[in-house]
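Worksheet for the structure shown next.
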Amino acid sequence: MSSLCEHLTKIFETVFEQLELPRANAKINVSKQGQNCQFQCNGAMASAKIARKKPHDVAKDIIDQVKKNTLNKDIFKEISIGGPGFINITLNDSFIENHIKEISNDKKYGIKESGEGQNIVLDYGGPNIAKAMHVGHLRSSIIGDALRRIYKYAGYNTISDIHMGDWGTPMGMILSELELMGFDGEITMDMLAEIYPKAAAACKEDEKRLALAREATRKLQEGDPTYTQTWKKFIDVSIEGIKKNFDALGVHFDEWKGESDAHPYITDMINDLKRRNLAIESDGALIMPVSKEDDKKEIPPLILLKSDGAVLYSTTDMATIIDRIKTYNPSKIIYIVDQRQHLHFEQVFRAVHIAGIAPKDKVDLVFAGFGTMNGSDGKPFKTRAGGVMRLSDLISMAKEKATLRLNEAALAKDMDELERKNVAHKVAIAALKFADLRNDRVTDYIFDIDRMTSFEGKTGPYLLYQAVRIQSLLRKAGIENQIEINSLKIDDIDRDIALLLSEFPDHFNNAINQNSPHILCDYAYRLAQEFSSFYGNCHILSEPDKKIKTSRLALCQQSHKQLCLILELLGIEIPDRM
RNA sequence: GCGCCCUUAGCUCAACUGGAUAGAGCACCUGCCUUCUAAGCAGGGGGUUACAGGUUCGAUUCCUGUAGGGCGUGCCA
């Protein structure tokens, strides 16, 4: 099973080989030409030099060769040359129908289970203990969770790990702050929310205060019993708050590990690196050089131990890889983290390669960095008050707006309180998630609260709305089970949406290959739009011709299934009605 | 200083990895709710893809340079 493009590409590859043209040039794309044709092959022009012919003549040879094969007769309605040598392709409706039928009957919609038998670790979320989760945490968790779902769909055994920041200097800041306060009671979340920023600010201002925090960090890492006890307490409190946020977002983690879970591996790892002279002392710190000769700029060494003996995130990230390989034996580890950490991960990846901890041919380490969420001034996002907006505040704001919008709708009149709340929540989360996911992963983007919580146009709620509308239509038609897809008969009104449905495998593959959910967002939006147009163009339920009606309902059902599937892959839940 | 990334419509973003006339949403303008949910549909205006060169049959995409912006650059994460 594959997409129409893949199918056609195979046919053309055979032809290219027969004509001794480069096989790679045979690729078929969906045409952007609109009415003129459906697909196109641009390979004739690219092959012209090798063939020592005019592009136009090469195209003609290709078309003749395709037509020669009688098997292709039923497939192509028209193949012609356009412009300097574009090969324009229009398919017979029956062939498109058959393809839709095949895809629909395939339990994976034409997606190959390429990840079968492979474990993959996804590292995202990365909240810091004691720091309130802010909008910046959205990107990592939402993109990461979408990728988890996408990989899972491709057959991988996915393990998502939240990898909390629970072992660095911020821990020492809190511990030392509690000590200075002489505090010894029950720690609450509200307290933590106050203590950490206070301690962090104090450390920033005062070297001596920072030294205290560092000292506390070191002692914690050495296993000081009092510190460990206190630390465990506020970790638990903090996790509770983190869980609430992720539950609201519908973001799932298989593992709730943190930097501290790498601790048991660190001593052995460091001793081993020292023994093999891979780690050396420099300025009182223990470092590991990772630069290569052909580096454009010398990559600074990785610091394993600070001069005070404490570890930092380079160390824990390395040790975490040891843990992950030992525990899950993954073929791939994907880090969904801020682009700004690029150099850091470059260092860590090099270090584990050099040390033989993660051989390149055994585990693929992937840095899937994402761009920063900026404010309208182009700088990392801050609220008007100067702080960062809390994630929970953002969610409440979106929910409030969704409730208002819902109450305006006549539909809400016969909804009880519970359903209203439920719908508002789903709409709000859909808006937030889609607003984030629709942007290309790597580029920075501007955070705008109004746009993020808007429900019209290219938004999550628009997608929900279309899905809900189809669902309602199917309900009214009295359809409970799958319609016999064999009843599909394409005509001018529904050809476009049928063609679009056939593209799904292509977009899925692009999304997974590039770790880019936004590709699926774009496709889902186009599908929803195409459906909406189809829906507006013809009235389905009142269609007198029974065959046409059944065929269109089948198409509705397929559109619905695909839309639901993609929304699920993006981690967006659909209400029953809205 | 050096390295990485970015610059596309008034604003926010795409462009299937080099293809034909660069697409969407918002905002603006014009229509459409007495038949399936108007959170919708149909249509309109809006572009020297920052600039200058180069490679190519063909460049938003690749290369070089210039300007502007962001980030990173040994003891934060």
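By convention in this document, chain letters (A, B, ...) are assigned in the order of the sequence lines, proteins followed by strands, and residues within each chain are numbered from 1.
- Looking at heavy atoms from C-beta onward, A:Lys131 lies out of side-chain contact with A:His137 at the 4.5 angstrom threshold.
- A:Arg214 has a side-chain polar atom (N or O) that falls below the 4.0 Å cut-off from OP1 or OP2 of B:rC76.
- In this structure, of B:rU73, B:rG3, B:rC76, it is B:rU73 that holds the atom nearest to the side chain of A:Leu343.
- In a base pair of the Watson-Crick type (N1 to N3 plus N6-O4 or O6-N4) or a G-U wobble (N1-O2 and O6-N3), with each distance short of 3.5 Å, B:rU49 is matched with no nucleotide.
- Enclosure of atom CD in A:Glu419 by more than 12 non-hydrogen atoms of other residues, nucleotides or ligands within 6.0 angstrom is indicated.
- The phosphate of B:rA15 (OP1 or OP2) has a side-chain N or O of A:His518 nearer than 4.0 angstrom.
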Stepwise salt bridge (charged side-chain N to carboxylate O under 4.0 Å, His left out) test for A:Arg475 and A:Asp576: CA-CA 11 Å; A:Arg475 222 168 7 221; A:Asp576 287 333; 5.3 Å; no

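- A 6.0 Å sphere centred on NZ of A:Lys306 holds more than 12 heavy atoms belonging to other residues, nucleotides or ligands.
- Pairing for B:rC62 is with B:rG54, a Watson-Crick or G-U wobble pair whose two hydrogen-bonding atom distances lie under 3.5 Å.
- A 3.5 Å limit on both hydrogen-bonding distances identifies B:rU12 as the Watson-Crick or G-U partner of B:rA24.
- Partner assigned to B:rU7 is B:rA67, using Watson-Crick or G-U wobble distances below 3.5 angstrom.
- Across the C1' atoms, B:rA22 and B:rU49 are found 8 Å apart, a figure rounded to whole Å.
- Between the C1' atoms of B:rC29 and B:rG65, the separation comes to 44 Å (whole Å).
- The residue A:Glu259 sits close only to the backbone: its heavy atoms come under 4.0 Å of sugar-phosphate atoms, none of a base.
- Only the P atoms considered, B:rA24 is 11 Å distant from B:rA42, to the nearest whole Å.
- Within 6.0 Å of CD in A:Glu408 there are more than 12 heavy atoms belonging to other residues, nucleotides or ligands.
- More than 12 heavy atoms of other shown residues, nucleotides or ligands fall within 6.0 angstrom of atom CD in A:Glu222.
- A:Asp206 has no carboxylate O lying under 4.0 Å from a charged side-chain N of A:Lys208, or vice versa, which leaves the two without a salt bridge.
- A:Asp444 places its CG atom 7 Å from the C1' atom of B:rC6, with the value rounded to the nearest Å.
- Counting distance only, with no hydrogens placed and no angle test, the side-chain atoms of A:Asp440 and the base atoms of B:rA15 include no donor-acceptor pair under 3.5 Å.
- The existence of a salt bridge linking A:Arg209 and A:Glu177 is confirmed by a sub-4.0 Å separation between a basic side-chain nitrogen and an acidic carboxylate oxygen.
- Taking atom P on both nucleotides, B:rU61 is separated from B:rG18 by 11 Å, rounded to a whole Å.
- Atom name P, nucleotides B:rU37 and B:rG31: the rounded distance is 27 Å, in whole Å.
- Remark: C1' of B:rG72 and CD of A:Glu298 are 16 Å apart, rounded to the nearest angstrom.
- Look at B:rU34: it lacks any Watson-Crick or wobble partner with both distances under 3.5 angstrom.
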Identify all pairs in which a protein N or O lies below 3.5 Å from an N or O of nucleotides 55-66 of chain B, and state each distance.
| residue | atom | partner | partner atom | Å |
| --- | --- | --- | --- | --- |
| B:rC57 | OP1 | A:Lys49 | NZ | 3.2 |

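- If you take CG of A:Leu312 and C1' of B:rC76, they are 8 Å apart, rounded to a whole angstrom.
- With RNA chain B read from its 5' end, the first of the two nearest nucleotides for A:Val442 and A:Tyr313 is the one closest to A:Val442.
- One can place NZ of A:Lys297 at 17 Å from P of B:rC71, the figure rounded to the nearest angstrom.
- B:rU60 and B:rA20: their C1' atoms are spaced 15 Å apart (whole Å).
- Nucleic acid contact for A:Ser314: none, since no nucleic acid atom lies under 4.0 Å from a heavy atom of the residue.
- Place A:Thr443 and A:Ala310 on RNA chain B by their nearest nucleotides, and A:Thr443 ends up nearer the 5' end.
- With its glycosidic angle more than 90° from 0, B:rC26 adopts the anti conformation.
- Atom CG of A:Leu210 is separated from atom C1' of B:rC75 by 11 Å (rounded to the nearest Å).
- We find that CZ of A:Phe345 is positioned 14 Å from C1' of B:rG72, with the value rounded to whole Å.
- For B:rA42, one of the phosphate oxygens OP1 or OP2 lies less than 4.0 angstrom from a side-chain nitrogen or oxygen of A:Ser533.
- By the 30° and 60° cut-offs, the orientation of the rings of A:Tyr335 relative to A:Phe345 is tilted.
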Encode nucleotides 25-40 of chain B as B, S and - characters from 5' to 3', where the letter depends on protein heavy atoms closer than 4.0 Å: B to the base, S only to sugar-phosphate, - to neither. SS--------BBBSBS

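- B:rA52 and B:rG46 have their C1' atoms separated by 27 Å, given to the nearest Å.
- For the salt bridge (charged side-chain N to carboxylate O under 4.0 Å, His left out) condition, the pairs that include at least one residue of residues 449-470 of chain A, sequence neighbours left out, are A:Arg405-A:Glu456, A:Asp448-A:Arg451, A:Lys458-A:Asp522.
- In this structure, A:Thr9 contributes its side chain and A:Ile28 its backbone to a donor-acceptor pair below 3.5 Å.
- Listed for the A:Thr315 side chain is a donor-acceptor partner under 3.5 Å among the backbone atoms of A:Leu304.
- In this structure, A:Asn439 reaches the sugar-phosphate backbone alone: every heavy-atom distance under 4.0 Å involves primed, P, OP1 or OP2 atoms, never a base.
- If you take atom C1' in B:rC41 and the same atom in B:rU35, they sit 15 Å apart, rounded to whole Å.
- Looking at heavy-atom distances under 4.0 Å, A:Asn509 makes no contact with the nucleic acid at all.
- A salt bridge is defined here as a Lys NZ or Arg NE, NH1 or NH2 lying under 4.0 Å from an Asp or Glu carboxylate O, and A:Arg350 with A:Asp295 meets this definition.
- At the phosphate of B:rC16, neither OP1 nor OP2 sits under 4.0 Å from any side-chain N or O atom of A:Lys27.
- We find that CD of A:Glu281 is positioned 13 Å from C1' of B:rC75, with the value rounded to whole Å.
- Under the Watson-Crick or G-U wobble criterion, with both distances below 3.5 Å, B:rU73 is paired with B:rG1.
- The separation between A:Gln33 atom CD and B:rG23 atom C1' is 14 Å, rounded to whole Å.
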